[in-house]
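Accompanying notes for the structure given below.
A, B, ... follow the sequence lines: proteins, then strands. Residue 1 opens every chain. Both backbone and side-chain heavy atoms feed into the values below; hydrogens, waters and symmetry mates do not.
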Protein chains: 2
Amino acid sequence: MTVTLADVAARAQVSPATVSRVLNGNYPVAAATRERVLRAVDDLDYVLNGPASALAAATSDLVGVLVNDIADPFFGIMAGAVQSEIGGPGGRAGGERMAVVCNTGGSPERELTYLTLLQRQRAAAVVLTGGAIEDAEHAAAIAGKLRRLAEAGSRVVLCGRPPSPDTDAVAALTFDNRGGGRQITEHLLGLGHRRVGYIAGPEERTTTRHRLEGHRAALAARDIEDDPALTVHGPYDRRSGYDATVELLRRAPDLTAVVAANDTVALGACAALRDKGLRIPDDVSVAGFDDLPFSIDVVPALTTVRLPLHEAGARAGRIAMGKEKPPPGGVATVHGELMVRGSTAGPR
Amino acid sequence: MTVTLADVAARAQVSPATVSRVLNGNYPVAAATRERVLRAVDDLDYVLNGPASALAAATSDLVGVLVNDIADPFFGIMAGAVQSEIGGPGGRAGGERMAVVCNTGGSPERELTYLTLLQRQRAAAVVLTGGAIEDAEHAAAIAGKLRRLAEAGSRVVLCGRPPSPDTDAVAALTFDNRGGGRQITEHLLGLGHRRVGYIAGPEERTTTRHRLEGHRAALAARDIEDDPALTVHGPYDRRSGYDATVELLRRAPDLTAVVAANDTVALGACAALRDKGLRIPDDVSVAGFDDLPFSIDVVPALTTVRLPLHEAGARAGRIAMGKEKPPPGGVATVHGELMVRGSTAGPR
DNA sequence: CTGTTAGCGCCTTCAG
DNA sequence: CTGAAGGCGCTAACAG
């Protein structure tokens, strides 16, 4: 019923092997023969059977992309960038690799499950985005899975995640979250702020910890007390920013600035401040992190640290495909850039 | 080297068929036997070979999701929702289906290419999101591809895209773009606006056309002239909103409101107005469409039409998996809800 | 409930 | 440059 390679071969009057070679283009085939085969393919509307080739060739053209939440532009941008680079060298509808996007929701189990599923698919590569969960047991489990994936021939690339030891990753592009966190707080301190609230991300995640460490380093460098009451943890979403800000304001009505773990959280913080009748930045300055597309459009525009998400994702994609050499030592640090905008100013 | 079903069978002292049955759980197997097999699987760290099963079973556990741009939350939200519903009935790391996200960038060729690639993968289902391109030739090509996909056993579901004839889609969930477009303009007219600029999406797309038709219907219902100078087309991005607004202002300095094709475009429009020294909504009202998460956080909050993107995506996913019955006739219209917020008010 | 027997459709040596 | 042959790892009838 469904047309197979053999049908094409018959129609083109060549052997199945020849058709295979034409389709994969990895082997010399006479131009005339190729033409004949291609015509037969068209005539028959033939479409290669992916699973069959994957089985025979022991590798598929699927690339896994693990993200926390694809609805979040932070991940959407990276996933899109990865995807834009994994296409083959072009040509017909061949050579193209496809991205399997796996939404882990930040859950360790789902992360593991998806890795297994990708191993099952014999994924050509796997790109893990976003911060890692800081739990020894889980880290070991992940490392084990990644090792097995690598052994099975998948190229593993970390994007925006710190390199973890014995992972067999081809490369790790890690964001300089610590440096960025430090920059943003330094900017605020430089403006004269002394009571700075910090809305951190969820605990036990490298991203959260690094950004917070940067913040603290900036405080320490100026000998400013790191009042524990000024730090609140919560998920990376708007709601958390809102609630945390209300809480911070309750604990420390004297604060003059709020640093949020990321832009989305910062948005929630702004909303809370506004609801309390506080003006930004006149009464309270607000800063975010990531520089998502909307951040320049909120009013006042958000001061934040720009992370080159698209570039990083694209590079991860190219490295995963072997189109670009991994960085020396397999690790590259991607730095953020402080974007000073209207949401921060000197304290009252 | 790599461990296979046969290895597991040997270790559990059963036949390969039995192992297969345990793993797929579609067949009765004695509890004791199952235990033994499962233990062997664990001991050997066995992972099923996806391509091999797909070949033998003639179906894969991949679900294609076509989107214009995964970095855009409009699509990210739907893709995430689809993905959340395609998981199997649960259980071990089995039964899980994975989402192959295909970024078409709005290009007809890429749309076709990806459909072919999904057919090659023998995708269990394919969900097409977003509006369709209005070009007879392309529409026919797509319809043909979809028909072939359906014949090959993939369940095709449209999400946010009008039902196209002879497509063999299991279901089409279409957004009521016309109704939404009409509502938003009616809202503005009700406030007293008479000169309303309209920033439409790219031409030749159903979404663009329907929203614009709704806008015009609202004007017509009030016998207000549809001044062609008040409509500008452009891509669905911020930049386009900015540029279009500058152009509208040039053409019609007397306009008192701007309706954007979607929220992202509206953001650009707001930025342009602000740069021109115009206040929102005091000088010019602005309205968007979609109600993306950031829309409530911009200042002033955006009046817009909320589309239940997550719900629609989830439903599409369930229908694609056969977990939910398709709507009667295969077509369901998903209505938007007018969200009146601070960005619109009566004219000066 | 379990084992046996054939393929699924393609790639890939190996000859020629 | 092209053909022939074997097997990739699993599933799906059939028997039993």
Side-chain angles (χ1 to χ4, degrees), chain A residues 1-38 40-41 44-62 94-95 117 119-124 152-153, chain B residues 1-38 40-41 44-62 94-95 117 119-124 152-153:
Chain A
M1 205 216 85
T2 149
V3 24
T4 78
L5 232 198
D7 300 328
V8 175
R11 188 170 227 278
Q13 308 189 68
V14 293
S15 74
T18 301
V19 177
S20 170
R21 298 198 260 249
V22 171
L23 261 23
N24 293 304
N26 309 327
Y27 239 73
V29 173
T33 315
R34 174 203 307 302
E35 283 311 314
R36 212 144 27 92
V37 170
L38 256 21
V41 167
L44 265 34
D45 235 342
Y46 172 66
V47 175
L48 203 58
N49 183 317
S53 6
L55 172 58
T59 169
S60 79
D61 37 9
L62 260 24
L117 253 21
Q119 179 182 351
R120 170 191 300 190
Q121 295 299 337
R122 304 302 188 252
Chain B
M1 204 216 84
T2 147
V3 23
T4 77
L5 231 198
D7 299 330
V8 175
R11 190 171 225 278
Q13 307 188 66
V14 293
S15 73
T18 300
V19 177
S20 169
R21 297 198 261 249
V22 170
L23 261 23
N24 292 304
N26 309 327
Y27 238 75
V29 174
T33 316
R34 173 202 310 301
E35 282 312 312
R36 218 153 13 103
V37 170
L38 255 21
V41 167
L44 264 34
D45 236 340
Y46 171 67
V47 175
L48 202 59
N49 183 317
S53 6
L55 173 57
T59 169
S60 79
D61 37 9
L62 260 24
L117 253 20
Q119 179 182 353
R120 171 192 297 190
Q121 294 299 336
R122 303 302 189 252

Discussion item. Need one value for Leu5(A): base, sugar-phosphate or nothing, where a base atom within 4.0 Å counts as base even if backbone is also close, heavy atoms only.
Written reply: sugar-phosphate

Fill in: Selection from dT13(C), dC10(C), dG9(D) that lies nearest to any side-chain heavy atom of Leu48(A)
dC10(C)

Item to complete: Taking only the side-chain heavy atoms of Ala57(B) (C-beta and beyond), determine which of dT11(D), dT2(C), dT12(C) contains the nearest atom.
Response: dT11(D)

Worksheet, complete the sentence: Picking from dG3(D), dG9(C), dT2(D), the nucleotide nearest the side-chain atoms of Ala30(A) would be dT2(D)

Worksheet item: Using a heavy-atom distance cut-off of less than 4.0 Å, which residues of residues 15-22 of chain B contact DNA chain C?
Response: Ser15(B), Ala17(B), Thr18(B), Arg21(B)

Please list every donor-acceptor pair under 3.5 Å in which a side-chain atom of residues 9-19 of chain B meets a protein atom from a residue at least two apart or in another chain.
unit_1: Arg11(B); atom_1: NH1; unit_2: Asp43(B); atom_2: OD2; d: 2.7
unit_1: Ser15(B); atom_1: OG; unit_2: Ala17(B); atom_2: N; d: 3.4
unit_1: Ser15(B); atom_1: OG; unit_2: Thr18(B); atom_2: N; d: 3.3
unit_1: Ser15(B); atom_1: OG; unit_2: Thr18(B); atom_2: OG1; d: 3.2

Worksheet item: Out of dG9(D), dG7(D), dT11(D), which nucleotide sits closest to the side chain of Ala56(A)?
Response: dG7(D)

Worksheet item: Are Thr33(B) and dT2(C) close enough that a side-chain N or O sits under 4.0 Å from OP1 or OP2?
Response: yes

Discussion item. On DNA chain C, does the nearest nucleotide to Tyr27(B) precede the nearest nucleotide to Leu55(A) from the 5' side, or the other way round? Give the residue.
Written reply: Tyr27(B)

Discussion item. Starting the side chain at C-beta, find the nucleotide from dC11(C), dT11(D), dG9(D) nearest to Thr2(B).
Written reply: dG9(D)

Item to complete: Tell me whether the OP1 or OP2 atom of dT11(D) has a side-chain N or O from Asn24(B) closer than 4.0 Å.
Response: yes

Discussion item. As a test of reading the structure: which of dT2(D), dG9(D), dG3(D) is closest to the side chain of Ala52(B), going by heavy atoms?
Written reply: dG9(D)

